Amino acid sequence: MASIGKKQHILALVLLLPICISQVIHEQWTKKYGKVYKDAAEKQKRLLIFKDNVEFIESFNAAGNKPYKLSINHLTDQTNEEFVASHNGYKHKGSHSQTPFKYENITVGLEGKWSCQAMKDQGQCGNCWAFSTVATTEGIYQITTSMLMSLSEQELVDCDSVDHGCDGGYMEGGSEANYPYTAVDGTYDANKEASPAAQIKGYETVPANSEDALQKAVANQPVSVTIDVGGSAFQFNSSGVFTGQCGTQLDHGVTAVGYGSTDDGTQYWIVKNSWGTQWGEEGYIRMQRGTDAQEGLCGIAMDASYPTA
Ligand SMILES: *[C@@H]1O[C@H](CO)[C@@H](O)[C@H](O)[C@H]1NC(C)=O
Ligand SMILES: *[C@@H]1O[C@H](CO)[C@@H](O)[C@H](O)[C@H]1NC(C)=O
């Protein structure tokens, strides 16, 4: 009798141990990221999601068969569905019609990266399109005026009536110190608008499904690209060169700011995201370049454009 009791005890312990460990890790994690849950039920629900995600990250890293590693970050208590719903915001309406492509005949170097403004965080607001528009506009302004300036995403979110504010929008629809970014739809405040800081004439599209064309464009200025971030790897912190999994359901606008290759010859794009510096490599991700797919990894070459001054 006693030995059965002991066995059951050990069994219970073995079954409960992972939960207890997760609980401790989750507790530390909520402190680190300042998470507060509204009640015990919510906390329990988040703990279980957190535990699943940690197990996914650990088994991914243990498999060790990819040139990138995942780690826990501030999004680890969300399901992938919640993450996708809250962190992208690009409404893809079919590819843009082809405009002239002024970089058609240029020769590109082996690597390069545009210096960018301080990393921004779009918060829980699906307006990645505004961040990408601003990043590419800052890029062209910097190149044409030799000045580095930070434009205001908030102004685009508030003022642009064609696009959709926090519900997502398109990247061709639409000065920062006096207009700080907050992740809610606001109303346009004309008093805060500085003199027209950077004016762009229009935009050109990069010929679709050609990473060569994209490289020519990125060699000349930061380029708005759209990618599929539905895969769970984007939800976590990825370091190294990301090689998938992802599809081509374009749902997130980001900025290609450079390209290069690792010592072992893996080619990559340097992509600037808008989820803060605590995501990825200081807010950037290196995504594999030159895959077999003409669309590029996660569809990066499908729908790219840049502003013209
Ligand atoms: C994300 O990964 C990078 C690179 O490994 C690391 O420096 C950074 O601290 C990580 N961020 C978090 C939140 O774990
Ligand atoms: C590229 O070169 C071709 C052939 O010389 C020429 O027809 C075309 O106009 C050039 N494109 C640009 C954008 O300069």
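Predicted, not measured: the structure shown is a model, and the values here were computed from it.
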Output yes when Glu27 and Lys35 qualify as a salt bridge under the 4.0 Å nitrogen-oxygen rule, no when they do not.
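Salt bridge flag = no for Lys35 with Glu27.
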Take Phe236 and His74 through the ring-ring contact (aromatic ring centres under 6.0 Å, His included) test and state the conclusion after the steps.
CA-CA 8 Å; Phe236 307 118; His74 59 300; over 10 Å; no
With a 4.5 Å cut-off on side-chain heavy atoms, are [Y] and [X] touching?
X: Val271; Y: Val257; answer: no
X: Asp228; Y: Phe234; answer: no
X: Gln245; Y: Lys66; answer: yes
X: Lys102; Y: Thr308; answer: yes
X: Val223; Y: Ser305; answer: no
X: Val241; Y: Tyr68; answer: no
X: Tyr37; Y: Lys45; answer: no
X: Cys298; Y: Phe242; answer: yes

Measuring from atom [atom1] of [X] to atom [atom2] of [Y], what distance do you get when rounded to the nearest 0.5 angstrom?
X: Thr79; Y: Leu75; atom1: OG1; atom2: CG; answer: 11.5 Å
X: Trp275; Y: Asn237; atom1: CH2; atom2: CG; answer: 11.5 Å
X: Leu297; Y: Thr248; atom1: CG; atom2: OG1; answer: 10.5 Å
X: Phe56; Y: Gln235; atom1: CZ; atom2: CD; answer: 9.0 Å
X: Lys51; Y: Ile49; atom1: NZ; atom2: CD1; answer: 12.5 Å
X: Tyr259; Y: Tyr268; atom1: OH; atom2: OH; answer: 11.5 Å

Can you list every disulfide (SG to SG under 2.5 Å) pair that touches residues 247-288, not counting sequence neighbours?
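Matches after skipping sequence neighbours: none remain.
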Pairs flagged by disulfide (SG to SG under 2.5 Å) wherever residues 28-81 is involved - sequence neighbours left out:
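Counting only pairs at least two positions apart or across chains, no disulfide (SG to SG under 2.5 Å) contact touches residues 28-81.
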Name all residues meeting the ring pair (Phe, Tyr, Trp, His ring centres under 6.0 Å) criterion together with Phe101; count only those two or more places apart in sequence or in a different chain, and write none if there are none.
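Listed in chain order: nothing, the list is empty.
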State whether the number of non-hydrogen atoms from other residues, nucleotides or ligands found under 6.0 Å of Gln249 atom CD is greater than 12.
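Result for CD/Gln249: open.
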Of the non-hydrogen atoms in [X] and [Y], which two are nearest, and what is the gap between them?
X: Leu214; Y: Ala304; result: CD1-CB, 3.7 Å
X: Leu250; Y: Gly299; result: CD2-O, 3.7 Å
X: Ala256; Y: Val218; result: CB-CG2, 3.9 Å

Decide yes or no on side-chain contact (heavy atoms from CB on, under 4.5 Å) for Lys43 and Lys38, but give the supporting numbers first.
CA-CA 8 Å; Lys43 187 172 180 183; Lys38 67 177 196 298; over 6 Å; no
Determine, step by step, whether Asn53 and Gln78 satisfy the side-chain contact (heavy atoms from CB on, under 4.5 Å) criterion, reporting the C-alpha distance in whole Å, the side-chain angles of both residues, the deciding distance to 0.1 Å, and the verdict.
CA-CA 8 Å; Asn53 285 336; Gln78 296 185 11; 5.7 Å; no
Could you tell me whether the side chains of Tyr33 and Asn73 share a donor-acceptor contact shorter than 3.5 Å?
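No pair is found: no donor N or O on one side chain lies under 3.5 Å from an acceptor on the other.
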Joint hydrophobic cluster, Val54 plus Trp29, side-chain heavy atoms closer than 4.5 Å
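Yes, one cluster joins them.
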ILVMFWY network linking Leu47 to Ile25, side-chain heavy atoms under 4.5 angstrom:
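Looking at the clustering, Ile25 is in a separate group from Leu47.
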If you apply the rule side-chain contact (heavy atoms from CB on, under 4.5 Å), what do you find for Asn80 with Val84, and how did you get there?
CA-CA 6 Å; Asn80 190 244; Val84 168; 4.0 Å; yes
What pairs meet the salt bridge (charged side-chain N to carboxylate O under 4.0 Å, His left out) rule with one or both residues in residues 205-223, with sequence neighbours excluded?
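Every pair satisfying salt bridge (charged side-chain N to carboxylate O under 4.0 Å, His left out) with a residue in residues 205-223: there are none.
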Residue pairs fulfilling salt bridge (charged side-chain N to carboxylate O under 4.0 Å, His left out) with at least one residue in residues 285-294, sequence neighbours excluded
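Residue pairs with at least one partner in residues 285-294: Glu281-Arg286.
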Could you walk me through whether Thr243 and Met287 pass side-chain contact (heavy atoms from CB on, under 4.5 Å), step by step?
CA-CA 6 Å; Thr243 56; Met287 291 175 61; over 6 Å; no
Non-neighbouring partners of Glu58 that pass salt bridge (charged side-chain N to carboxylate O under 4.0 Å, His left out), sequence neighbours left out
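Salt bridge (charged side-chain N to carboxylate O under 4.0 Å, His left out) check on Glu58 returns nothing, list empty.
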For Tyr306 and Tyr103, what are the C-alpha separation, side-chain angles and deciding distance, and is it a ring-ring contact (aromatic ring centres under 6.0 Å, His included)?
CA-CA 11 Å; Tyr306 52 88; Tyr103 301 129; 5.2 Å; yes
